[in-house]
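Structure, as C-alpha cells:
Since this is a predicted model, take the numbers as computed values, not measurements.
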Amino acid sequence: MRTDNNNIESLLGKGVNATDLVASFSKTMDLLSDGVMYLDGNWRFLYINEAAEAHMSIKREEMLGKELWDELPELVRTFFYEAFHHALMKETSVEFDEYYSANDTWFHVQAFPKNGGLLVIFQDITQKHLAMEVVEESYRTLFQKHPEAVCSIDMDGNILAINSAFKNLFPLDEKLFLGSHYKEFVPKNKLKSVEYLFNYAINGNPQAMEINFSEDVNHPFHLLITTLPIIVQSNIIGVYGIIKDITSERDSLEKYFEVSKMNELILESVEEGIAGLDKDFNVVMWNHAAEKMTGYTKDELTTEAFQQLFMKNADNHLTIGEENVPSTDKLSKETVIRESEVSIFHKDGTPIIVEFVLTPMVVADKVVGMVCTFRDITEKKKSEELLYQSEKLSAVGQLAAGIAHEIRNPLTSLKGFLQLIEMSGQGKKEYFDIMNSEFKRIEQILNELLIMSKPQKLEKDTCLLNSLIEHIVTLLNTQAIIKNIYIEIEEMDKNLYIYCISNQIKQVFMNFIKNAIEAMDKGKIIVRLKKDRSYATVEVIDEGHGIPKSLLERVGEPFFTTKEKGTGLGLMVSFQIIEDHGGTIQLESKEGKGTKFTVRLPLHEENGS
C-alpha cells in the first residue's frame, strides 16, 4: 500500500494526471476482497475501499474525513481500540482476530502505521471461525465424553484439564489436579516409567505402557497409559494422557494363562503321546511323551516327517495303518479312527509298536484339525508274547509230566530185564552198551520233561556268575577244540553276583554253548559278561549257520529244533529256568552269519561290583 513519490513524480513528468492516478489506484483497491482503509493521525478516514464498505456496513462517502471512534462508537473499549492505539503510538504493526458485534462478524485484522497514519487491512473470517469452533467443540466433546480417563498436560508437566472418566477413575477433588504437576500423583517406584512416557510424547512420539499399581493401592490395579503429543500448527504445545483400567482384562488374561499352563502341565504329564494337527496335517502341538517316544522334537517334526512317521501315501490318499484318512473338509465331527499294532521307527531307528486314536478338532461346528493320541505298546506286545509262551510251556509241561510218568514205569521194567539178560551172558556186549546208552538218553529226556513241568525245589544261593561261566567254558573247551573252535570269555565287568540254583544256570549256558559248537565247523565263540543297570548280562555269540528268519519265532517251542537229532526240549527248559530266576532271554540270528543269545539275570543285592 506504500506509494513511491519518485515514481509518481516520474509519471507526472510524462504528462500523467494526478487525479487520474488516484482514480486508477482506487479502482485497483476496489477489486480486492479484503477491506482496506487508511486513517490519519487524528483517526479520520482518508480512504475506504468497497470491500471495507461492505464488511463494515457503512457508506464511505459519509465516512471520509470523519473520525473513526465518533462514527463507530461500538469499537471503543474493544480489542480493536486497544490494538489500533498500540500500533499508532508504538509505531508497530499488529495482527489479530476479533468479533465485530455490530454485524455479528469475525474479522482477521492487520494494522500498519504509515506516514503518521494507520493502514488497516481486514477480511471476513466468520465462516472459518465457525468451522474452527465446530472443530474445537468436537475436540472438547471428544475430550469430555471419551470413555477412558483423559488429561491434558502442558510442556512443563502441569495438568491443565481432566475429563469426567478421569474423575471417576481417580475420585479426588478436581481442584487438586488442575495446575498441579503430574509427578505429585505418581508413586515414586513408578515415576521413572511415567516420566519416560511424558518425555517421549513431548518429543513428538506417541507411546503406551502397561503399569501395575497393585502394590501401591493394596488391590489389583493395572493401568494402560498412552501419551500423545498435542500439536497446533506443527508446534507441540503439550501432552494428552489417556489412561485405561485393564485390571479385569489382566485378571482374565492371568486366569487364561493359569488354565493354559495347567492344561500344558496335564498334556506334558500324561504318558501317551499327543499330536495336534491342523487342517493341512501340520503339527501344531507335540507333547513331551510324544517327543520321548519318537525321539523327534516339535521343531524337527515337519509335515513330511510326521507323515513318514505315522502315515503312508497310497493312491493319493493319506492312510494310517490300513485306514484311509479323509481331508479335513470332508471329515465328520463323529469320525474316529483307531489303529493298533502299527509299527513306526524311533529317530534312532529302533522299531516301536504303537496303537493310536485319531479324533477331529471342532471349533464352532467346523472341523479345523485332528488330535492324534498314541502310546507305545512294544513292551505290552512282548509281555503278551511271553505270556503266550508261558501258557504254551505250562500246557506242554502238564503233557510232559504225564508222558514222563507213563514212560518211566515201562522203562524201569525194560532196564531190569536188560540187566537180567546181560547177567545171563547171552548176546553181544556192544548191543548191551548201545541199549544202556539209549536207556540213559531216554531217562535224561524224562528228567528234562519233569524239570519243565515242575521245576525242582532246590535251594537258591548267591553265586559268582563269572566263575560259573569260566567253569562251563573249561568243561566244553575240549569238545570245541576238536572242531577247531575257540571259546573266548570277554569280562566287561567283574564280580557279577546272582541269586540262583547254580546247577540250573549251568544247564542253561551249557545248552547255549553246546548249540553254538554244534552249529559251527570252526571259528570262535564269544561269551561276553557285563553289567546293565541292575542286571547281569551274558551274551553267547557264535559264527554258525544261523537260524532262518521265518523260524526265529518258533525257537523255544516244545519239540521244535533245527538239529537233526535234537528234541527241542533243551532250549524250552532253558527258557523256563531263566524265567523262574526272574530273567529274560533274547535271540538274534542272521542266516549264514551266526546267532547271539542274550541272557539277563537280576544282580543280587550282595553284588560286590
Would a distance-only check, ignoring hydrogens and angles, find a side-chain to backbone donor-acceptor pair under 3.5 Å from [X] to [Y]?
X: Lys483; Y: Met520; value: yes
X: Asn287; Y: Ile274; value: yes
X: Asn466; Y: Asp493; value: yes
X: Thr227; Y: Pro206; value: no
X: Thr359; Y: Met370; value: no

query: From Ser467 OG over to Tyr497 OH, what is the distance, rounded to the nearest 0.5 angstrom?
result: 7.5 Å

query: Is the His604 ring parallel, tilted or perpendicular to the Tyr499 ring (thresholds 30°, 60°)?
result: parallel

message: Over 60° means perpendicular and under 30° means parallel, so tell me whether Phe221 and His219 are parallel, tilted or perpendicular.
response: tilted

Would you say the side chain of [Y] lies within less than 4.5 Å of the side chain of [X], judging by non-hydrogen atoms?
X: Lys596; Y: Thr598; answer: yes
X: Asp216; Y: Asn189; answer: yes
X: Phe597; Y: Asn511; answer: no
X: Ile246; Y: Leu223; answer: no
X: Ile526; Y: Glu539; answer: no
X: Ile517; Y: Ile487; answer: yes
X: Gln586; Y: Arg600; answer: no

query: Which is it for Arg528 and Thr537 under the side-chain contact (heavy atoms from CB on, under 4.5 Å) test, yes or no, and what are the steps along the way?
result: CA-CA 8 Å; Arg528 182 179 295 128; Thr537 301; over 6 Å; no

message: Looking at Tyr200, I'd like to know if its OH atom is crowded, meaning that more than 12 non-hydrogen atoms belonging to other residues, nucleotides or ligands lie closer than 6.0 Å.
response: no

task: Answer yes or no: does atom CD of Glu195 have more than 12 heavy-atom neighbours from other residues, nucleotides or ligands under 6.0 Å?
output: yes

- request: Begin with the C-alpha distance, continue with both residues' side-chain angles, and end with the deciding distance and a verdict on side-chain contact (heavy atoms from CB on, under 4.5 Å) for Leu465 and Phe509.
  value: CA-CA 11 Å; Leu465 185 59; Phe509 289 109; 4.3 Å; yes

- request: Evaluate the side chain to side chain donor-acceptor pair (under 3.5 Å) criterion for residues Asp580 and Gln576: first the C-alpha distance (whole Å), next the side-chain angles of each, then the deciding distance (0.1 Å), finally the verdict.
  value: CA-CA 6 Å; Asp580 290 342; Gln576 183 70 52; 3.2 Å; yes

Heavy-atom pair of closest approach, residues His222 and Asp245: O-OD1, 3.3 Å

message: Please determine whether side-chain contact (heavy atoms from CB on, under 4.5 Å) holds for the pair Ile505 and Leu601, giving the CA-CA distance in whole Å, both sets of side-chain angles, and the decisive distance to 0.1 Å.
response: CA-CA 10 Å; Ile505 298 300; Leu601 290 165; 4.2 Å; yes

task: In sequence, state the C-alpha distance, the side-chain angles, and the governing distance for Val283 and Tyr296, and then conclude on side-chain contact (heavy atoms from CB on, under 4.5 Å).
output: CA-CA 12 Å; Val283 180; Tyr296 289 95; over 6 Å; no

